[in-house]
Every structure is written in structure tokens, then in C-alpha cells.
Amino acid sequence: MTKFFKKILIFLAIVFLYFFLFLQHVEKEISYNNVAHIFMLNTLEIWKRSTPLEYHFSPVQTFPEAKKHNHYYKRLDDIEGNNYYISHPPGAFLFNYLIFSFFSLPLSNENLQWVLFSLWTLMLILIFFWINETWGKTIHVYFFIITGLILWGASGPVLYLFSRHNFSEAWGFFFFTGWLIFYDLYTKTRKKLFYVLLITFTLFTAYTDWLGIGLLFVGGWYIIFSKDPFLRKSWFSLLIVLVVTYAMVFIQYASIGGVSAFLKALAIRFVERSGYFGASYTDMGYHIFNLETWKFLILNIWNMLKGGGLFCIILVLVYKLIFKRNILFLLHEKIVVISFLSVLIYSLFLFSATATHYVYIAKWYIPIFFTTMLILSENLNLIRGPWWISLVSLFLIMLAYYEFRLHVPKMNLDKKRYLDELADEVKNNKQDTIVMRSFLEERDIIYLSWKSKRNLVWKNK
């Protein structure tokens, strides 16, 4: 059996492990509390009825057969009264649309999840490729493949993100991971193929998520302070792609209702999600001066660390305090520095959202994973029989999976039945408003609007 064939068998075995874990959580019917998938299905269904071009290739949320200029949360309206979700760049919606159209997939929660698993598998391929390129010629290559691929999923928020949240955060996570891998490989090998892939992932990262803003700041720092002409030249071209891509997003969203309307809508979302403007201007009141916000943040960090994150911290302490090894070599590993700084800038930019949302904190596992792999690589000669670490990684992913299971929302079947019946009533009567009832929550209007295909708003009794 050739060495390459052994690697492929190891890869397939680990993919099967993730497939088994993923299969436990596939849901044919969408949950009333899965807001992200409802937003995604709204846009894909409306686009499917005509074309994305009719809606500026942007995430429209207004059903065409119902009342226009009528929405429970006004974001950005066009002249015809269609409301658009502009909290993220539109990439995730367009990529999903292309996939569903190309494979003629029915629009369903189940298929959104299968797309997520496909995305997860592609990420495993990227990680496998990076490991093979980095350590493929060493005697420990099998160790790095097994340990790395398992540790990649050893975080509850990451597993949640790629099983239940086919939205901008998941696609941004994917493209940012690919960007880091091809940046690392390009700066070390200077191969043109890696540069082309790096440029491609730069464009897709920016067009999908605001993580590219972090890269803008990091790239600016390299251009100003780096003494390496190669790095400065590389970053200059990457910054051009980032700026042009975000300019495209600006023009695309501005075409909906004008520059002024877009800037106003985007500013409102930033104020709500950043948490720097007090309780009255922050989503659900979780601003930076609210103690509850910090409690949420600490809890989310703890949830993210359970598994591979704790292992990384232990490795750092062991090598620093017991083996007396200097870990400052990590400052020379650009993949670590850039990932930490980019995610930090992103988290500060959207502090309230990061502190309070389980899926937002998942991005922090990216720099933690790369840090873990590089620490292992630098200090593997200190360990006799490193395979026990692979066994530890299996325990860590089980710990992360348990953490993920704790955050899977339990669906109240009685409430689901009640909401479905109410949605049928709304649809049959062609209602544009709905009365808040004792069995309802404020956010239930999102599910009711999608289920009834009506653009609903609350009204008093």
C-alpha cells in the first residue's frame, strides 16, 4: 500500500466520523427558532421565482405576492417596497443559490444542512492539503493528519456552525480558513498557483463576511512596517482585491435604495451589533457597559475552548513552564499572527454580536487550531510516542460534540403545531398583520412570515 493511499484512507475514515456525527442532526423540517435558515430560504425562494438580478443580487426578504413596504424589521427598502437583509455581504446567499440551481435541489432545511456538510468536507480537504504540504515529508505525517483533522472539529461552536447555520458566518469561516492556508503556502513556496488561489479566497472572503475588514487593517500594518519587499508587494495586491470587493458590495447595496439609504441602514446595524452606543442603541441592550454582555462573552469563550482550545492552552503552559521552551517563535508564524489579529479586529468591530452569539465566537477557534498544530510541530521531539495525543484529540472532539449538543435548541412540538396552524390561518386570510398572543414570542413573526409567505408586522389587540 502506497504512502499516498494510506493518507487517503485516513482522510476518508475521519470524514466518515464527522458524517456519523452530522447525520444525527439532519432535520427535514426547519425549526421555528432557526432564524438564519429562514432568512436564507426566504431569499432563495424569492430569487427562484424570478431571478437574483431583479433583486440586485441581494438578500431580499419581502414576498412578492404580499403587501410591500411591510416588514417587522425595516432594514433597506427598494422603490417597490422590498426589504433587504444587508447585515452581511451577499456572498453566502449567492453561493447557496448557485449550488441549489446547479444541482436542482429542492429548497429545504435538510438540503441547507447537506450543503454545510459539503462545505465542511471541503475544509477538511484544505486542512489535509495544508498538513501534507507542510509535514508530508516527515516521519510524523500520519500523526499530523490524524490529529489535525480531528482537532479541527474539536470545538462546540464550530460543530454547531457547520451543522445548523448555513449563513454568512459559516461561509466566511470557510473562505477565511482557505485564505490563511494559501497565504501560508504562498509566502513559504512562492508558487503562482497558490497566489491565484490566495487572490480568489481574498475576494470570496470579503464578498461573504466582514472578516475581510480585519485583513485590511493587518495588510495595512504589513505595508507600513514590514521590511520584506515580497510581503509588502503581496499585501499591496491583496489590499487592492479587498478594497475593490467591498466597493462592489457598496455599489450593489447602494443600487437598492440609494447611497444615503444604504449608509443609514448599515450604520443602524453597526450601532446595534457593536455595543458601543449604550442600551438604547444596542441589539437587546447588550452593550459594552452591561455586565450581562461580559458574562455572555466569557461563557461563549468557555464554550468555544471546551475541547481543542483547552488543549492548546495546556500545550502552551507545558512547553513554557515544564519544558522551558520559548513559544515566541509563533510571532514569526504569519498564519497565527494574521488569524489572531483579524479575528480580534472583527470581534472588536462587532463586539456585542460576538459576545452574545454562539456562532460568532466560533471564528476564534481558527487561530487556536493553527497555534496548536505549530506548537506540536516545533516541540514534537520532546514527546516519546506522540500517538497518545491522537487519542487525546478523539476525547477532545467528543467533549466538543457534547458541548455542541447542549446548545442544539429543543423544539417544542406543541408550539410548532400551533405556529403552523396560525401560519395557515394567516395565509388563507391573506393577513398583513398579526396580534401578539400569549403563546408567541417577538421573534416568532420571522417563522410565521416565512411559513405563510406573508410580510407580517405585529399589531396591538
Give a yes or no on whether the backbone of [Y] and the side-chain of [X] come within a donor-acceptor separation of less than 3.5 Å.
X: Gln61; Y: Asn83; result: no
X: Asn300; Y: Ala355; result: yes
X: Asn42; Y: Thr62; result: no
X: Trp171; Y: Thr205; result: no
X: Asn166; Y: Leu112; result: yes
X: Asn290; Y: Tyr286; result: no
X: Asn96; Y: Phe93; result: no
X: Thr293; Y: His287; result: yes
X: Tyr18; Y: Gly153; result: yes
X: Ser352; Y: Ser274; result: no

Side chain to side chain contact (heavy atoms under 4.5 Å, CB included) between Ile38 and Tyr32: does it pass, once the steps are laid out?
CA-CA 8 Å; Ile38 293 172; Tyr32 54 81; 5.8 Å; no
Could you tell me which residues satisfy ring-ring contact (aromatic ring centres under 6.0 Å, His included) with [X], sequence neighbours excluded, listed by chain and number?
X: Tyr55; value: none
X: Trp302; value: none
X: Phe340; value: none
X: Phe22; value: Trp114, Phe117

Which residues share a side-chain contact (heavy atoms from CB on, under 4.5 Å) with Ser104, sequence neighbours left out:
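For Ser104, no residue satisfies side-chain contact (heavy atoms from CB on, under 4.5 Å) once neighbours in sequence are set aside.
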How about [X] and [Y]: does a side-chain donor come under 3.5 Å of a side-chain acceptor?
X: His357; Y: Arg273; answer: yes
X: Thr147; Y: Ser390; answer: yes
X: Ser347; Y: Tyr360; answer: no
X: Ser226; Y: Asp228; answer: no
X: Asn109; Y: Lys28; answer: no

To the nearest 0.5 Å, tell me how far [X] [atom1] sits from [Y] [atom2].
X: Phe311; Y: Ile375; atom1: CZ; atom2: CD1; value: 9.5 Å
X: Met123; Y: Phe174; atom1: CE; atom2: CZ; value: 7.5 Å
X: Leu448; Y: Lys453; atom1: CG; atom2: NZ; value: 11.5 Å
X: Ile10; Y: Leu149; atom1: CD1; atom2: CG; value: 9.0 Å
X: Leu305; Y: Leu310; atom1: CG; atom2: CG; value: 5.5 Å
X: His56; Y: Ile86; atom1: NE2; atom2: CD1; value: 13.5 Å

Charged N-O contact under 4.0 Å between Glu272 and Arg269:
yes
Are any of the side-chain nitrogens in Glu333 or Lys188 under 4.0 Å away from the carboxylate oxygens of its partner?
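A salt bridge links Glu333 with Lys188.
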Tell me if the OH atom of Tyr73 is crowded by more than 12 foreign heavy atoms within 6.0 Å.
yes
When you look at CZ of Phe217, are more than 12 heavy atoms from neighbouring residues, nucleotides or ligands closer to it than 6.0 Å?
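Check fails, neighbour count at 12 or below.
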Mind listing the closest non-hydrogen atom pair of [X] and [Y] along with its distance?
X: Leu331; Y: Val337; result: O-CG2, 3.5 Å
X: Ala265; Y: Arg75; result: CB-O, 3.2 Å
X: Leu116; Y: His165; result: CD1-N, 3.3 Å

Check salt bridge (Lys or Arg N to Asp or Glu O under 4.0 Å) between [X] and all other residues, then give those that pass, not counting sequence neighbours.
X: Glu378; answer: none
X: Asp420; answer: Lys416
X: Lys306; answer: Glu403
X: Lys191; answer: none

For [X], what residues pass the side-chain hydrogen bond (donor to acceptor under 3.5 Å, both in side chains) criterion, not counting sequence neighbours?
X: Trp235; value: Tyr183
X: Trp135; value: Ser377
X: His25; value: Tyr401

Could you walk me through whether Glu54 and Arg49 pass the salt bridge (Lys or Arg N to Asp or Glu O under 4.0 Å) test, one step at a time?
CA-CA 10 Å; Glu54 184 178 336; Arg49 296 183 187 188; over 6 Å; no
side-chain hydrogen bond (donor to acceptor under 3.5 Å, both in side chains) between Ser237 and Tyr195, intermediate numbers included:
CA-CA 10 Å; Ser237 61; Tyr195 179 71; 2.9 Å; yes
Answer yes if the ring centres of [X] and [Y] are under 6.0 angstrom apart, and no otherwise.
X: Tyr358; Y: His407; result: yes
X: Tyr85; Y: Phe167; result: yes
X: Trp130; Y: Phe370; result: yes
X: Trp152; Y: Phe173; result: yes

Mutual orientation of the aromatic rings belonging to [X] and [Y] [parallel < 30°, tilted 30-60°, perpendicular > 60°]:
X: Trp47; Y: Tyr97; answer: perpendicular
X: Trp387; Y: Phe143; answer: perpendicular
X: Phe175; Y: Phe95; answer: tilted

Given side chains that start at C-beta, do those of Asn132 and Lys7 come closer than 4.5 Å, heavy atoms only?
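Touching, per the 4.5 Å side-chain cut-off.
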Run the ring-ring contact (aromatic ring centres under 6.0 Å, His included) check on Trp179 and Tyr186 step by step: do they pass?
CA-CA 10 Å; Trp179 186 95; Tyr186 173 61; over 10 Å; no
Check the pair Phe201, Phe176 against ring-ring contact (aromatic ring centres under 6.0 Å, His included), reporting the backbone distance first and the verdict last.
CA-CA 7 Å; Phe201 274 76; Phe176 183 59; over 10 Å; no
